[in-house]
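Just below is one structure, and these are the notes that go with it.
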Amino acid sequence: MISRFCIERPVFANVIAMIMLLLGGVALLNLPVAQYPPITPPTVQVTTRYPGASARTVVDTVALPIEQQVQAQGVTTAKRSASILEIITLTSPDGRYDSLFLSNYATINLKDAISRLPGIGSVTIFGAAQYAMRIWLDPDALQARGFVPSDVIQAVQQQNEQVTAGQVGMPPALAGQAFQYTVNMRGRIAQAAEFEDIIVKADAGQGGRITRVRDIARVEHGAQSYNQIFRVDGQPSAGLAISQLPEANALDVATEVAATMERMSKSFPQGVTYAIPIAGISALDNNATLANAGVAYVILKDWSERGPKEGLLALYTGLQAALEGLPDGDGIVLPPPAIQGIGNASGFTMQVELRDNSFDLAKLENATQAMVKAADTQSGLRHLSSSFRAEVPQLFVDIDQVAAETLQVPVGAVFDVIEIYLGSTYIGQLNRFGRTSQVYAQADVTDRADPEAIRRRRVRNAGGDMVPVGAFAEVHSVTGPSLISLYNLYPTATIQGTAAPGFSSGQALALMEQIAARTLPPGMGYEWTAMSFQEKQVGAQAYYVFALALTLVWLVLAAQYESWTAPGAVTLAVPLALLGTVATLSALGVANNLYVQIGLVLLIALGSKNAILIVEYARELAGKSIHEAAVEAARRRFRPILMTSFAFILGVLPLVLASGAGANSRKSIGITVFSGMLASTCLALLFVPSLFVVLRRFDEWRLARKTARKG
C-alpha cells in the first residue's frame, strides 16, 4: 500500500527523502556522536585515606568539607542557568540579629535544603561571609611581652590540631591479639573561650607566669571576610540567590522554593522573617568583585503603581543620567538581558586581552580607555564603560635588607609580621554547627588604620630584642591594579556598552570590532563574552532558519501538489510580506531584534496562507485556461483573504499598542506581524495570480518539450 502510494506520487516520496536528509544533516552537525545516549545519571565517588584517624576525625576534616562543596548533589551543582531565578532575603525587623547571623543561618539551615530541591542548580549566599574564629591581635601587648605574631599562630596550631592517635592493636599485631581499640584525644576546639585559654608561653623564670591568647588578643566568633555588605531597604540582611538547572521549569522550581521556605520559616528564630522581592533577574555582578564597589538591585513597583513615564527605558535613562554625575566614582545602569539566562545584562560585553605575555597593565588600561573614547564618538553606541584600572593608589613597603641583617632581623620574619598583622592569615579549622569553619589571625581594627602603623610594628631579632620595622623599611605611595582578571589565560579588561536606539546589536558588535582593529596596538586582541559571545556564535544562523523554513514550506506544498514548480507561487509571495515589515521598521526606527526575527519566521506561514488560498483554488478550476483560472481564483478568494487577514491583523493590534511590563518585546513582534500581514494582504492579490500564471506556463512548456523529445 505504502510502496504503491510512493510509486504513484514520486514527488511526495522525494519530499520525504529530502526532509529526512535535512534532519539528518542538522543532526550530524549539532548532535554528539556516542555509542549510547546518556540514559543514566553520572555518579561521583570520592575516596580518601587518613591513616590513624578516628571516624569522627575523618568526618570533621574530610567528609564535611567535601559534603559542603557538593551539597549532596554530585556534579550537578556546577550545571546551572546563567541568570538568577529569584533572590530570597532574610531580615530581622526588630534589629535583634545582624547580617552575620542571618547569612550563617541561611548557610547552615537553608542553603543545603534548597540546593537539594528538583531543578535547583546552585544557591549563593549574599551578605556577610560564613562564620570563622577571628583572633584580633594587639600589637602593643605582643611587643610588651616580646612576642611576634608567629608565636601566637604556632601556639594555636599546636593546641587546635586534629589528632590522629591511631589504634591499640592495629595490624600488624602480635599473635593472639584479640581486640582493636581506636584511641581518641582532644583535638580541635570550637568555642571562643577555648581559643582564649590557649597557652602561648609558660615562663618558668618569672614565677611560672603564663601568657594566654586572651592576654594579647581579642577572640570572637566572627566572619571569614568582611568585604561584602547586603542590605534590604537599608537594613542589614542576608540573601539567597537561586539559580535553576538549564532544563528545569522555572515555575515549578519557584513553586518548590516558595513551599520549602514557607515550611522552614515555621522554625525560624523569633525576630527573623523572609521575603522573595526579586524574581526572574540576571546576576548583575560585573563590578561587584572590585574593591570599593557595589551592586544595587532596583525593585520596580507594580505597573498599577507607576506613572506613564516610569517604564524601564525612562527609568534607565534617568538613573544613568544621575549616575554620570558621581564625583568620586563611575556608575553604570545594567538592565536585564532580553532573554533570561543569556549573559548578565543587556548590551554587549567585550574582553580586551593583553596577549604579548608582558603583563603591562598600564598598556592594557590605556588601550581599553582609548577604545572607550573612540566608541563614545560613534552614534551607534551608548554608555561605554570599563571598570579596569591599572593605577589605583596603593602602598609599597621598601625593606633595606642590609639594614635588617645588620640589626640581626631575618627578612622572612619581617614578611611574617606584616602578613599576619595586615593580611588576615589562615591558621586552622574548627567544627561547629555541623560544619567546618576556619580560624584567622590579624591585627585589630585600630592597629591597621594608617600606613604609619606598618613602621611602628616590631620584629624580634636574633638577640631577642624587639626592633621596629621603621628602622629598616620605608612605606611609599605607589599605584597598581586593584583587581587583575584573566580571560582564556590572558590579562583582560572588560568593556560594556549598548547599541544606540535605531541600531541593532549586530551593528554594535561590528562597530566595536572595527574600533578594536583600528585602536588596539600589536600584542593585544579581544574576545566577546556573555550574550555577545552567544550572538557571535550564532552569527548568520537567522538567515539559515529563514531559508530552512521556506524550504520546508516549499517541500510540503510540493508533496501536496505533486509538483516541483507549483509551490513557487506561494514561496515567492513571502518576500512581499517582508517588504511591508522592512519599510515599517525603518520608518519607526525599531531595531531588528530577536522578537522581530521571530515575527519574520511567523510571517513565512502567514504570508503563505494567502497565496495558498489563491493557488489551491486556481489548480482546481479544470477546463479553464491558466489565465482564466488565475483571475477566477483571485476574484473568488478576495473576500476570504480579506476576512481572515484582517481578523488576524486586528488580533495582533493589542501587541502593537502594548504598554506596561514587556511592552517593547510585544511591540516588536506585533509591529512586525501587523505590517507584514498588511503588505501581504494587499500585494498577494496582485502578484500571486501573476506568479501562478508564469510558473504554470513554464511547467506546461517544460512538459511539452519533454513530450517532444520522447516523440
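Note that the structure is predicted; figures quoted are calculated from it, not measured.
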Subject >> Which atom of V219 lies closest to which atom of M133, heavy atoms considered >> reply: CG1-SD, 3.8 Å
Subject >> Residues R455 and E474 bridged, charged N to O under 4.0 Å >> reply: yes
Original post:
Does the cation-pi check pass for R448 over Y421, that is, NZ or CZ under 6.0 Å from the six-membered ring centre and within 45° of its axis?
Top reply: no
**OP:** First locate atom CD1 of I420, then atom CZ of R457, and finally report the distance between them rounded to the nearest 0.5 Å.
**Re:** 13.0 Å
**OP:** State, to 0.1 Å, how close P269 and F101 come at their nearest heavy-atom pair, and which atoms those are.
**Re:** CG-CZ, 4.2 Å
**OP:** Apply side-chain hydrogen bond (donor to acceptor under 3.5 Å, both in side chains) to T368 and N366, showing your working.
**Re:** CA-CA 5 Å; T368 302; N366 292 335; over 6 Å; no
**OP:** State plainly whether the residues D376 and R382 are in salt-bridge range, i.e. N to O under 4.0 Å.
**Re:** no
**OP:** Would you name the heavy atoms of L90 and L102 that are closest together and state the gap between them?
**Re:** O-CD1, 3.6 Å
Below 3.5 Å, can you tabulate the donor-acceptor pairs from side chains in residues 398-406 to any protein atom, sequence neighbours excluded?
unit_1 : atom_1 : unit_2 : atom_2 : d
D400   : OD1    : V402   : N      : 3.2
D400   : OD1    : A403   : N      : 3.2
T406   : OG1    : V402   : O      : 2.7

Original post:
Going by atom types alone, do Q180 and Q167 pair a side-chain donor with an acceptor below 3.5 Å?
Top reply: yes
Original post:
Do any N or O atoms from the side chain of E365 and from the backbone of A390 form a donor-acceptor pair under 3.5 angstrom?
Top reply: yes
Original post:
Got a second to check how far L430's CG is from Y131's OH, nearest 0.5 Å?
Top reply: 12.0 Å
Original post:
From F388 CZ over to S485 OG, what is the distance, rounded to the nearest 0.5 angstrom?
Top reply: 8.0 Å
Subject >> OH (Y97) with more than 12 external heavy atoms under 6.0 Å >> reply: yes
Original post:
Is the shortest side-chain N to carboxylate O distance from D356 to K363 below 4.0 Å?
Top reply: yes
**OP:** Could you tell me whether a side-chain N or O of T519 sits under 3.5 Å from a main-chain N or O of A516, the two making a donor and an acceptor?
**Re:** no
**OP:** Please confirm whether the backbone N or O of T107 pairs with a side-chain atom of N104, one donor and one acceptor, at under 3.5 Å?
**Re:** no
Original post:
Distance-only, no hydrogens or angles: does the S386 side chain make a donor-acceptor pair with backbone N or O of T494 under 3.5 Å?
Top reply: yes
Original post:
Under the 3.5 angstrom rule, does the side chain of S532 hit a backbone N or O of W528 as a donor-acceptor pair?
Top reply: no
Original post:
For the side chain of T529 and the backbone of F533, is there at least one donor-acceptor N/O pair under 3.5 Å apart?
Top reply: no
Original post:
Passes side-chain contact (heavy atoms from CB on, under 4.5 Å), L240 versus T124? Steps please.
Top reply: CA-CA 6 Å; L240 293 87; T124 303; over 6 Å; no
Subject >> CG/N357: more than 12 non-hydrogen atoms of other groups inside 6.0 Å >> reply: no
Original post:
Going by heavy atoms in the side chains, are D138 and I216 under 4.5 Å from each other?
Top reply: no
Original post:
Does a side-chain heavy-atom distance below 4.5 Å link D465 with L407?
Top reply: no
Subject >> Worked verdict on R145 versus D215 for side-chain contact (heavy atoms from CB on, under 4.5 Å) >> reply: CA-CA 10 Å; R145 289 170 168 79; D215 300 321; 4.0 Å; yes
Original post:
Nearest heavy-atom pair of A374 and I515: which atoms, and what distance?
Top reply: CB-CG2, 3.9 Å
**OP:** Find the distance between CG (D151) and CZ (R460) and round it off to the nearest 0.5 Å.
**Re:** 4.0 Å
**OP:** Output yes when a side-chain donor or acceptor of R96 lies under 3.5 Å from a complementary backbone atom of S92, and no otherwise.
**Re:** no
**OP:** Could you check Q438 against Q130 for side-chain contact (heavy atoms from CB on, under 4.5 Å), going step by step and ending with a plain yes or no?
**Re:** CA-CA 9 Å; Q438 298 177 341; Q130 58 185 344; over 6 Å; no
Subject >> Within-4.5 Å side-chain heavy-atom neighbours: V148 and D416 >> reply: no
Subject >> Name of the residue among Q351, E527, R355 meeting side chain to side chain donor-acceptor pair (under 3.5 Å) with T492 >> reply: Q351
Subject >> Identified side chain to side chain donor-acceptor pair (under 3.5 Å) counterpart of R188 within the set Q159, Q429, E194 >> reply: Q429
Subject >> Side-chain H-bond candidate by donor/acceptor type, Y440 with Q442, under 3.5 Å >> reply: no
Original post:
So do the side chains of M524 and V352 get within less than 4.5 Å of each other, counting heavy atoms only?
Top reply: yes
**OP:** Begin with the C-alpha distance, continue with both residues' side-chain angles, and end with the deciding distance and a verdict on salt bridge (charged side-chain N to carboxylate O under 4.0 Å, His left out) for R456 and D447.
**Re:** CA-CA 10 Å; R456 292 196 299 268; D447 296 305; over 6 Å; no
Subject >> R231 and P236, any side-chain heavy atoms less than 4.5 Å apart >> reply: yes
Subject >> Atom pair CD (Q394) and OG (S477), whose distance is rounded to the nearest 0.5 Å >> reply: 10.5 Å
Subject >> Side chain proximity check, V478 to L395, heavy atoms < 4.5 angstrom >> reply: no
Original post:
Where is the tightest heavy-atom contact between Q143 and M466, given as atom of each residue plus distance?
Top reply: O-CG, 4.1 Å
Subject >> Donor + acceptor pair across side chains of T436, N431 (<3.5 Å) >> reply: yes
**OP:** Could you tell me whether the side chain of I495 reaches within less than 4.5 Å of the side chain of T349, counting heavy atoms only?
**Re:** no
Subject >> Distance (rounded to the nearest 0.5 Å) between Q514 CD and Q378 CD >> reply: 7.5 Å
Original post:
Within a strict 4.5 Å, meaning less than it, do heavy atoms of the F472 and V409 side chains meet?
Top reply: yes
**OP:** Heavy atoms only: give me the nearest V183-A165 pair and the separation to one decimal.
**Re:** O-CB, 3.4 Å
Original post:
Has L323 got more than 12 heavy atoms of other residues, nucleotides or ligands less than 6.0 Å from its CG?
Top reply: yes
Subject >> Residues R134, D444: salt bridge by 4.0 Å N-O rule >> reply: no
**OP:** Step by step, work out the side-chain contact (heavy atoms from CB on, under 4.5 Å) result for V475 and F396.
**Re:** CA-CA 6 Å; V475 180; F396 178 76; over 6 Å; no
